[in-house]
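Have a look at the structure below before the remarks.
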Amino acid sequence: MTVLKTSLRNFFAHKGRMALSAVAVLLSVAFVSGTLVFTDTMNTTFDKLFASTASDVTVSPKGAAGNDETPQSGRPEALPASLVERVRKVEGVKDAQGSVTSLSVTVVDARNENVGPTGGAPTIAVNWSPYELRSVELASGHEPRGPTDVVVDAGTAEKHHLRIGDTLRTIAVTGDHTAKISGIVEFKVTNPGATVVYFDTATAQRELLGKEGLFTQVMVDAEPGVGDDVLKKDVAAALGADAKDYKLHTAAEVADAGREDIAGFLDVMKYAMLGFAGIAFLVGIFLIVNTFSMLVAQRTREIGLMRAIGADRRQVNRSVLVEALLLGLVGSVAGVAAGVGLAVGLMRIMSSMGMELSTRDLTVAWTTPAVGLALGIVVTALAAYVPARRAGKVSPMAALRDAGTPADGKAGRVRGAIGIVLTGAGAAALVAAARAAEAGPGSLWLGLGVVLTLLGFVVVGPLLAGGVVRALGVVVLRIFGPVGRMAERNALRNPRRTGATAAALMIGLALVAGLSVVGSSMVASATEELDRSVGADFIVRSGTGQPIVPQAQAALERTPGLDHVTEYKWVDARITDPRGKTTKAGLAATDPTYLKDLRRETTAGTLADAYGKDAMSVGSDYAAEHGVKVGDVLTVALTGGDTVKLKVAAITADTGQVDKGAMYTDVSTVVRHLPAERVPNSLLVLASAKDGRETAAYEALKDALAPYPQYKVSNQADYKEELQNQVGQLLDIVYGLLALAIVVAVLGVVNTLALSVVERTREIGLMRAIGLSRRQLRRMIRLESVVIALFGALLGLGLGMGWGTAAQKLLALEGLGVLEIPWPTIVTVFVGSAFVGLFAALVPAFRAGRMNVLGAIASE
C-alpha cells in the first residue's frame, strides 16, 4: 500500500476529528485572505476615484497643504483667476478650468443636523464646472445656477433623506450660506463616503474664499499626444518667474499623494488584522499538534503493524505529514473562500461607519489565494512535524502492546527545565522594561519579555498542570464527589495534552488581560491628570479637528454666566535655536487666561511671562535637546507671516500628556506678525463659569452653539466619559478580533475531549458496566473540560496582568503613571472561562453518553 493511499484512508477515517483542526486553519487563512482582499479593494476604489478626478496637470498655490487646505485658518489657499487664461494659452494645453475646493465646511439640513460623514471621510464644497462631470452625472434636478442653488451627492441625499427643494446651510470660516437643493448627482465611480456639495462658481468663490476672482486650483488637460510630464514642464516654462509661487503636479503625482494620504490608515488596519491572524495561527498550531499527537498515540498498534510488515520510519513519517498537507489544503481552500466573505463583511462594517465601499470594486489578486494556501499548508505541516516524527519512531514491537505510548520522563524533565529558563528570562526582560529610563529600549525589552514568557508558559505548561489542576480540583471538582475526582484524574492523566490544550486558550486570554490593564491604566492616568491639571469648566471643540469658525466663536463669547473664554490657536513655524539649528514646530497661541485653565509646571522661569510682548515658552525636552535656557532668543518664522525674535521666558515640564511639548505665546503676538487672513481660528476654546453658575453656563453654552452641530461642549465629567468610551471602543474592537483566537482555542478543547473519549472507549464502557450513569459520565467530561479551561484562564490572566503591568510602567515615561488592574474584567473573564469549558464539552459528553456499553467494552 502506498504512502498516499494510507494517508488518504486515515484522513477520511478520521474526517470528523480533522474537521475541527481544518476549521482552525480556515479561520486563520480567512483572516489573512480577507485582509488582503479588503486592502486591495480599498486601493482599487481610491485608484478609480483618483483617475476620474485628476486632470493631466494640476496647478495649486505653493502654500497649499496636501488637501488644498491651510488648517490653521480653515481657509483654502487661493490663486488668481487670471492664471486660468494664462495656462489655457500654453502650447499643448487642450483646456484649463478653475476649481474652488474647500474641506473646511460643515453642511447642515433644515433640522440643523450635520449631513457630513462622521467616520473620517471629509465634507467637500466645490464649484460646478464641466470638469466635475468627469466623475459625476446629474441624476435629477439641474446644476446650480445662482446663489440660492446647491447640488448634493446621491449617497448623502439617500442617507439623510434629502430631496430637491430642501434647504442646506453651509458653514465656513467666511460665514453661513443657505441654499436649496436644485439637483442630485451620482458618482460614476465609488464615492468612499465623502459628502460633496456643489455651488455655481461665483457663489463658491464668495462663500468659500471670501471674494470672487479666486480659485484653489487650475485643472489642465493636454492635447492628444502630449505627455503629462511634458505638459507640466511647458506650463512651468510659460509661467516663468511666477512658477515659484505655484505647485505643479501630474495626474500620477496627484494619485501618489492621495495614496500616501490613505496609506497610514490602510497600513494600521492591515497589519493589525494580520497580527490577529498570526495569533489565530499560533493558537491553531496547538490544536493541530494535539490532534495529530493523539491520533498517533491511538494508532500506535496500527503503526507498529505497518512497521512489522516492512514500512520504514520515513514512510510512516511521510504518511502523517501527507495527512497534515491534506488537512492544510482543505482548510486553506475553504479559508481563502471565507476570506472573500470576510472582506465583504468588513466593507459592510466600514460602510456603516461612513466609509462607503462597493462590491463592484471587489479585488481578488492572484497573490491572495497563493499567500493563503501557502501559509495554511506550511503552518499545518510544521505543526504536524513533531507528531509525525514521533510516529516514525514507533517500533514494530508496538503492535504487541495496547494503544498509547509511555511518556518519556527524560524528555519531560528537559522540557520543564527549558520552560523554566525561558519563563525566567522573559520575567527578567519584563522587569527591565518596567525599570527602563527611556521608552525606546524599554519597548524592546517589553517585546522580548512578552515573547519569552509566552514561550516559557507554553513549554512549562505540562509541568504546571499537575499542581494547578489539583488546586483547582480542590476548589471546583471535589464538591462533585467521585465524578469530580475522576474528572481531575482524567485531566492529569496526560499533562502534556492538558498543557497544550490550555495553552491555546491561555494565549487569547493573556492578550485580553494585558490590554485590559493597559486600557484601564490609560483611563485612570488621564483622569488623574485632568483632575490635577485642567482648571477650565468647559471645553469646546470639533470632533473632526476643524477650527472654530468666527461666528461660532462670537456666539460662545456672548454666552452669559462665563467668567472668561480662552482661545487656543495653533501656528506652524520654523524655529531656529541659539546654536543655529532649525526645526519645524508649532506655537500654541492662547490668551493669558490659559494659565487658569491648564495648570502647567515649569522647570525654569514663570509661564505668565511667556505672555509678554514677543515672548514664548518651550518644553523641557526641546530645551534639553537644543540647549535652550530662560532668556535665550529664538528666531521664529511663522508660516505665511513674519520672521520674529521671541524671548524664552519659561520652560514647562514635559511630564504629562496634556499639551506635552507645547510652546506657548500670546494670541496678540501671532496677530501682530500674521496677515489678517492668515490668523488661525481657534482649534478649541476653554471657558470657566462664574462661581455658582456652572450648571446655568453649561446649558447656555450648549444653547449658544446649537446652530453649529459640528462643535461639542463638554464639562470635565463629559470629557472623562468620552475618554473612557474611546478607550473602551478600541478595546471592544480588539476583544472582538481576539475572539477569533478564543474560538480556535475552544475548538481545541472540543477536539481534545472528543479524541480523549475515543481513546478511553473501553474504559468508559467498563465504568458504565459497574454502575456509572450516563448523567454522571457526561458530568465527568464536562468537569474535565471546565478544569482545563480554568487552568488555561489562570495561566493566561496571570501572564496578561504581568504584561500589562510592565507596559504601564513603560507608559509612565510618557506621563501615564497610574496602574489600575481591572479586577471586575479579570474575574468576569475567569468565570466566563468555566462556561467556555462547559460549552466545549457539550458534543463530546453527548457522544460519550450515547456509547453502547457492550460495544465499548469489546473495542480495542
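Please read all numbers here as calculations on a predicted model, not as lab measurements. Along the sequence shown, residues are numbered consecutively beginning with 1. Hydrogens, waters and symmetry mates are skipped; everything else that's a heavy atom, side chains included, is used.
- Checking Ser682 against Glu567 by side-chain atom types alone, a donor-acceptor pair falls below 3.5 Å.
- Between Ser99 and Thr101, the side chains place a donor N or O and an acceptor N or O closer than 3.5 Å (distance only, hydrogens not considered).
- Looking at Gln716, its side chain does come within 3.5 Å of a backbone N or O of Val534 through a donor-acceptor pair.
- Nearest heavy atom pair, residue Leu674 against residue Thr639, reads CD2-O, 3.6 Å.
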Requested in this report: Go through the steps for Leu683 and Lys569 under the test side-chain contact (heavy atoms from CB on, under 4.5 Å), then give the verdict.
Outcome: CA-CA 6 Å; Leu683 283 180; Lys569 303 175 184 289; over 6 Å; no
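- Residues Asp642 and Arg672 are not paired through a salt bridge, judged by the lack of any N-O separation under 4.0 Å between the basic side chain and the carboxylate.
- Remark: side-chain polar atoms of Asp632 are not paired, donor with acceptor, to backbone N or O of Val628 under 3.5 angstrom.
- Between Tyr664 and Asp666 there is no side-chain heavy-atom pair separated by less than 4.5 Å.
- The two residues Thr250 and Asp228 have their closest heavy-atom pair at CG2-O, 3.8 Å.
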Query raised in the report: Going through the checks in order, is the side-chain contact (heavy atoms from CB on, under 4.5 Å) test met by Lys645 and Thr635?
Result: CA-CA 5 Å; Lys645 303 282 188 180; Thr635 302; 2.9 Å; yes
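- Looking at Asp229 and Lys232, no side-chain N of the basic residue comes within less than 4.0 Å of a carboxylate O on the acidic one, giving no salt bridge.
- Residues Leu634 and Val618 meet the side-chain proximity criterion, which asks for heavy atoms closer than 4.5 Å.
- Judged by distance alone, the side chains of Tyr611 and Ser617 never bring a donor and an acceptor atom under 3.5 Å apart.
- Not a single donor-acceptor pair under 3.5 Å links the side chain of Lys809 to the backbone N or O of Ala806.
- Contact record, Leu705 with Val713: CD1-CG2, 3.6 Å, taken as the closest heavy-atom pair.
- Side-chain contact check for Phe46 versus Pro192: some heavy-atom pair is nearer than 4.5 Å.
- The main-chain N or O of Val450 is found under 3.5 Å from a side-chain atom of Thr453 such that the two form a donor-acceptor pair.
- Taking both residues in full, the closest heavy atoms of Ala615 and Ala649 are given as CB-CB, 4.4 Å, listed atom of the first, atom of the second, then distance.
- With no hydrogens or angles considered, a side-chain donor-acceptor pair links Tyr568 and Asp659 at under 3.5 Å.
- Under 3.5 Å, the side chains of Asp591 and Thr593 contain no donor-acceptor pair of N or O atoms.
- Between Val565 and Leu562, the closest side-chain pair of non-hydrogen atoms falls below 4.5 Å.
- Counting all heavy atoms, side chain and backbone alike, Ala433 lies closest to Leu446 at CB-N, 3.6 Å.
- When atom types are taken as modelled, the side chain of Asp654 and the backbone of Ser620 share a donor-acceptor pair closer than 3.5 angstrom.
- For NZ of Lys712, the number of neighbouring non-hydrogen atoms (other residues, nucleotides, ligands) closer than 6.0 Å is 12 at most.
- The backbone N or O of Ala222 sits less than 3.5 Å from a side-chain atom of Asp56, completing a donor-acceptor pair.
- Of the charged side-chain nitrogens involved, at least one lies within less than 4.0 Å of a carboxylate oxygen, so that Lys720 and Asp531 count as a salt-bridged pair.
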**Report entry** Working for side-chain contact (heavy atoms from CB on, under 4.5 Å), residues Leu511 and Trp803
**Finding:** CA-CA 9 Å; Leu511 290 168; Trp803 293 351; 4.0 Å; yes
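- Counted within 6.0 Å of CZ on Arg599, heavy atoms from surrounding residues, nucleotides or ligands total more than 12; the atom is thus considered enclosed.
- Side-chain contact between Tyr622 and Ile575 is present, with heavy atoms from C-beta onward closer than 4.5 Å.
- Looking only at atom types and distance, the side chain of Lys613 has no donor-acceptor partner in the side chain of Thr669 under 3.5 Å away.
- When side chains are defined from C-beta on, Phe215 does not count as touching Leu209, because their heavy atoms never get closer than 4.5 Å.
- Here Ser60 contributes atom OG and Met219 contributes atom CE; the two are 9.0 Å apart, rounded to the nearest 0.5 Å.
- Thr606 contributes no side-chain N or O that, together with a main-chain N or O of Ala608, makes up a donor-acceptor pair within less than 3.5 Å.
- Between Leu208 and Pro76, the closest heavy-atom pair is O-CD, 3.9 Å.
- Rounding to the nearest 0.5 Å places NZ of Lys233 at 12.0 Å from CG of Leu231.
- Judged as a side chain to side chain contact (heavy atoms under 4.5 Å, CB included), and not counting sequence neighbours, the contacts of Gln551 are Ile171, Asp176, Val549, Tyr708.
- To the nearest 0.5 angstrom, Gln808 atom CD is 6.0 Å from Ser525 atom OG.
- In this structure, NZ on Lys211 lies 13.0 Å from OG1 on Thr174, to the nearest 0.5 angstrom.
- Rounding to the nearest 0.5 angstrom, the gap separating the CD1 atom in Ile548 from the OH atom in Tyr711 is 6.0 Å.
- Using a 4.0 Å cut-off between charged nitrogen and carboxylate oxygen, Lys247 and Glu253 do not count as a salt-bridge pair.
- No side-chain heavy atom of Thr527 sits under 4.5 Å from any side-chain heavy atom of Gln724.
- Between Arg541 and Glu722 there is a salt bridge, since at least one side-chain N of the basic residue sits less than 4.0 Å from a carboxylate O of the acidic one.
- Side-chain atoms of Thr106 and Gln546 form a donor-acceptor pair, as typed in the model, at a separation below 3.5 Å.
- Checking Thr195 against Thr123 by side-chain atom types alone, no donor-acceptor pair falls below 3.5 Å.
- To the nearest 0.5 angstrom, Asp597 atom CG is 5.0 Å from Leu686 atom CG.
- In this structure the side chain of Val633 never reaches within 4.5 angstrom of the side chain of Leu646, judged on heavy atoms.
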